[in-house]
Each structure stands twice: as structure tokens, then as C-alpha cells.
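Throughout, protein chains are lettered first and strands after them, A, B, ... in sequence-line order, and every chain is numbered starting at 1.
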Amino acid sequence: MRVATWNINSVRIRLGVIKSFVDQYQPDILCLQEIKTEAENFPHAALDNMGFKHRLVRGEKSYNGVAILSKVPLEISDQLTFVNGQARHISARISNGMELHNFYVPAGGDIADPEINSKFDMKLKYMEEVANWFQHNRKASDRIILLGDINVAPGKYDVWSHRQLLDIVSHTYMEKYYFRKILNSLNFIDAVREFVPHHEKLYSWWSYRNKDWKLSNKGRRLDHILITEPLKPYLTNYDIFKSGRDLASTSDHVPVIIDLQR
DNA sequence: ATGGTTGGGGTCCAA
């Protein structure tokens with residue numbers, strides 16, 4: 001089973017690039033973040049035509065919003081709301097006993113100080129509540145996938161320059177502390193790093209604000225797929241659709257993919 | 001130190 005996560009930065013304007021990705025990678029489950037639409041305006045027909053007969057959508061107007069698109073049946077699970085009422089989480093149970101949690105963690109604004117930037121404060125609190133929820137409501141022996149745009153680059157080699165980004169939101173010690181708390185809540189495994197050594201640079205996002213994203217290559221790994229220990233034996237492959245960043249009118253994030261083989 | 005770009009909705013906010 002192939003599972004992918006993609007911050008799509010508006011689902012309605014990206015149907016073309018979603019089709020390109022789906023044709024090339026054939027994911028069984030595609031989790032989207034930042035769909036930027038209310039559920040009633042979600043482009044169900046177009047995604048149904050791409051083979052996703054099962055869809056769970058939690059949207060809001062203009063901002064945020066998440067969706068799970070699937071070729072295999074889904075059963076809606078919790079829709080968690082932390083810190084504020086925003087649409088940043090949706091989850092589903094899959095027939096083989098797995099539970100999938102799709103998150104869009106707050107970006108946190110520009111200033112990395114919770115005292116003067118309420119958005120950064122909200123991000124830290126959000127991550128703390130995610131960690132607490134898993135610790136209290138699930139077990140490390142459960143089969144759980146936690147994925148999405150976590151908006152944290154946790155490792156030195158998850159950013160283009162560790163030194164230059166130490167005080168930049170997404171790579172501060174505070175955010176890395178709470179990322180670690182989420183990992184520790186159920187002993188999650190960072191699936192992609194099972195395949196790529198920690199000293200190799202790896203990104204899933206490149207800003208729009210560069211003339212040539214590939215030339216400057218100032219990327220960060222903000223999108224993650226975490227799995228609990230019972231799923232580790234099934235993890236056979238990963239991919240990051242880096243060339244997708246070159247598609248016309250695409251998101252600033254690219255899809256991150258894993259394969260779980262039965 | 002600053003500005004660079006994108007999307008949504010509505011003449012600005014969030015990323």
C-alpha cells in the first residue's frame with residue numbers, strides 16, 4: 001500500500017498537478033493539507049475520477065483544511081481540534097487495523113518568540129497537545145501512521161543551513177523539542193529517515209520567494225510520515241517527488257511517499 | 001537588514 005502526504009496550497013487550483021502525481025505514483029492513499037476551501041466546495045468529482053472513491057474532507061473558508069483521499073475504504077475516526085477551532089486534523093481507520101492521522105500543524109508566523117508572537121505560541125501549544133493526545137489515547141503497540149505538514153525541520157540535515165536557520169521558525173530548539181515530544185509519545189519512527197542517513201540533506205519544501213528554487217536549493221523538510229513500531233516490518237520504500245516542484249503552477253511543498261507491503 | 005512569491009477573497013491576511 002502506497003501512502004502519500006502533500007501540502008497542496010489550495011486543492012481547487014492544483015487538480016492538474018495532482019493528476020500528474022497520481023498518474024506517475026499511483027498512491028492508494030493521498031493526504032492533503034491546506035486545501036483552502038470549505039468541504040462543500042471540495043472538488044469531489046475530479047478526485048473521484050482519479051480513482052479516489054473514498055474521501056474524508058475537513059475544510060474551512062480560505063485557510064487550512066485537510067483531506068484523506070483513498071482507493072481503499074476508510075472509516076472516519078477522530079477530528080481533533082487543538083488550541084483553536086481550525087481545520088488542521090482528520091483521521092481514518094483502514095480495514096487492516098491501521099489508523100491514519102493527517103495533520104497540518106500551524107506554521108507559526110515570522111518571529112520565533114512565543115511572548116510576542118501569538119502564532120508561534122499557538123504552534124508550540126498545538127504540538128504539545130498532539131503529543132499529549134497520543135500519549136493518553138493510543139498505545140505504542142497500535143498500528144498508527146501520523147503524517148502531514150508538521151512545519152518543523154527537526155534535524156540539522158533537514159534544512160539547507162543549520163546555523164543560519166537556528167532562530168528561524170521551523171528550526172528553533174523549541175519546535176524541535178515538541179517534535180521530539182510527538183515522536184516520543186508513541187515511539188514513532190521517522191519513516192523516510194529509515195532509508196536516508198541523518199547526515200544526508202533532505203527537503204520537501206522550497207519557498208516561492210526564490211528566483212530558481214533548484215539553483216538556490218534553500219529547502220527544508222517540513223512534511224513527515226511517522227509510523228509506530230508494529231508497522232516497521234512492512235515499510236519497504238520511500239520517495240520524495242522532488243521533480244514535482246518543477247510542475248507548472250504547483251505547491252511550494254512536494255509529495256512525500258512511503259510503501260507498506262503486507 | 002530586507003525583500004522576494006503565491007492563493008483566497010475581496011482591496012489584506014497567511015504562508
Side-chain angles (χ1 to χ4, degrees), chain A residues 5-21 31-43 46-47 57-67 81-89 102-114 116-127 147-154 158-161 163-172 174-175 178-179 203-224 241-242 244-256:
Chain A
T5 177
W6 196 1
N7 177 319
I8 201 65
N9 187 15
S10 168
V11 66
R12 287 176 292 178
I13 207 167
R14 305 286 184 220
L15 291 172
V17 293
I18 292 174
K19 178 83 163 64
S20 300
F21 170 63
C31 297
L32 301 176
Q33 303 87 35
E34 270 206 280
I35 61 173
K36 288 188 170 180
T37 178
E38 292 147 306
E40 52 264 43
N41 294 323
F42 191 82
L47 291 158
V57 179
R58 182 179 176 194
E60 62 179 86
K61 192 176 180 179
S62 305
Y63 302 108
N64 314 314
V66 286
T81 305
F82 299 121
V83 181
N84 53 38
Q86 295 174 339
R88 295 180 175 277
H89 169 269
N102 178 16
F103 279 101
Y104 174 46
V105 171
D110 290 328
I111 302 162
D113 182 344
I116 56 179
N117 174 8
S118 61
K119 285 191 272 188
F120 191 69
D121 185 50
M122 186 185 86
K123 178 180 194 172
L124 300 178
K125 290 196 164 88
Y126 191 96
M127 296 182 76
L147 55 69
D149 178 2
I150 311 301
N151 265 317
V152 177
D158 294 327
V159 290
W160 62 276
S161 169
R163 279 187 53 203
Q164 284 177 261
L165 291 178
L166 276 172
D167 296 322
I168 302 298
V169 171
S170 75
H171 197 58
T172 65
M174 291 166 276
E175 293 161 280
Y178 287 109
F179 188 91
Y203 314 136
S204 64
W205 171 88
W206 292 263
S207 172
Y208 287 124
R209 303 175 193 181
N210 281 314
K211 232 183 204 84
D212 185 331
W213 72 273
K214 206 184 286 177
L215 187 67
S216 54
N217 198 24
K218 292 183 172 177
R220 305 178 203 172
R221 189 170 71 105
L222 305 177
D223 304 274
H224 303 279
F241 184 34
K242 185 175 174 182
R245 188 63 180 76
D246 269 333
L247 295 169
S249 180
T250 194
S251 172
D252 43 359
H253 296 251
V254 297
V256 177

(request) Between B:dC13 and B:dG9, how far apart are the P atoms? Round to whole Å, please. (result) 16 Å

(message) Is it the case that the side chains of A:W6 and A:D223 hold a donor-acceptor pair, with the cut-off being a distance below 3.5 Å and no angle test?
(response) no

(message) Distance check, C1' atoms only: B:dT11 and B:dG7, in whole angstrom units.
(response) 15 Å

(request) Could you check how far CZ of A:R245 sits from P of B:dT5, rounded to whole Å? (result) 13 Å

(message) Just so I know, are the side chains of A:N217 and A:W160 near enough to count as touching, which here means a heavy-atom distance under 4.5 Å?
(response) no

(request) Compute whether any side-chain donor of one residue and acceptor of the other, for A:E175 and A:S170, lie under 3.5 angstrom apart. (result) no

(message) Within the supplied structure, the quantity of interest is the number of heavy atoms (other residues, nucleotides, ligands) at a distance under 6.0 Å from A:D113 CG; does it exceed 12?
(response) yes

(message) Measuring only the C1' atom in each nucleotide, how far is B:dG3 from B:dA15? A whole number of Å is fine.
(response) 15 Å

(request) Assess the side chains of A:R209 and A:S216: does a donor N or O sit below 3.5 Å from an acceptor N or O? (result) no

(message) Does the protein touch nucleotides 8-15 of chain B at the base, only the backbone, or not at all? Give it as B, S and - per nucleotide, heavy atoms under 4.0 Å.
(response) SSS--BSB

(request) Determine the Euclidean distance between corresponding P atoms of B:dT2 and B:dT6; express it in Å to zero decimal places. (result) 23 Å

(message) Expressed as a whole number of angstroms, how long is the span from A:I168:CD1 to B:dT2:P?
(response) 13 Å

(request) Consider only side-chain N and O atoms of A:Y208 and A:N9, and report whether a donor and an acceptor are under 3.5 Å apart. (result) yes

(request) Using the P atoms only, state how far B:dA14 lies from B:dG10, rounded to an integer number of Å. (result) 14 Å

(request) Take atom CG of A:N210 and atom P of B:dG3, then tell me their distance rounded to the nearest Å. (result) 16 Å

(message) Tell me the interatomic distance from A:K211, atom NZ, to B:dG3, atom P, rounded to whole angstroms.
(response) 15 Å

(request) Tell me what A:S251 touches on the nucleic acid: a base, only sugar-phosphate, or nothing, going by heavy atoms under 4.0 Å. (result) nothing

